[in-house]
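One structure below.
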Amino acid sequence: MRPRALLLRAGSPFAQLWFRVRKPTTFGVKALLRQADGRFLVVRHSYADTRRWALPGGGYKPARETPAQAAAREIHEELGLVVPPDAFTVLDTTVTTLEGKHDTLTILTASVPGDDALTLSPEIAEVRWVKDLQELGDAPLSKWLLSALIE
């Protein structure tokens, strides 16, 4: 495991405890990236539950960027892909306290061309393009991944 990924994994329980104690208000995005052949991208993060397949994404400040701009930034930071903000469409926006914080989460989708080479950040342990969830076996799945596929 890469050193930064180890630090993220070691720090994750402390971040979760901070969320439960402080109950901050946060804003986040998750991005469902699709290819023309029907495949979609799933990731495993290098922190928290490293077995769980999820969507790439992260936090943002609404005063600085829109959810689409945040999704484009996060996709570039985590995967090295350049997806313009105007390529994203909002699937859903929900408020959740799932992680102990008051989080407004926006799930977006975008079509991306071909199999561009991915450059994974230390936050991402593994990535796959899949046609359906059965390809992931019996691994746990993120609530937001399932929600995005239903929309």
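For the numbers below, each heavy atom of this structure counts, side chains included, while hydrogens, waters and symmetry mates do not.
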Is the shortest side-chain heavy-atom distance between [X] and [Y] below 4.5 Å?
X    : Y    : value
I124 : H45  : yes
V29  : L105 : no
T94  : I107 : no
L136 : V42  : yes
T93  : F27  : no
F40  : Q35  : no
Y60  : R73  : yes
T89  : L108 : no

(request) Please answer: with hydrophobic residues joined when any side-chain heavy atoms are less than 4.5 Å apart, are I75 and V82 in the same cluster? (result) no

(message) Ignoring hydrogens, what is the shortest heavy-atom contact between L55 and A148? Give both atom names and the distance.
(response) CD1-CB, 3.8 Å

(request) Flag yes if more than 12 heavy atoms outside D138 fall under 6.0 Å of its CG atom; otherwise flag no. (result) no

(message) Has T104 got a side-chain atom pairing as donor or acceptor with V95's backbone, closer than 3.5 angstrom?
(response) no

(request) Show your reasoning for whether salt bridge (charged side-chain N to carboxylate O under 4.0 Å, His left out) applies to E135 and K131. (result) CA-CA 8 Å; E135 292 180 46; K131 281 203 176 200; over 6 Å; no

(message) Strictly below 4.0 Å, N to O, side chains only: are K61 and E65 in salt-bridge contact?
(response) no

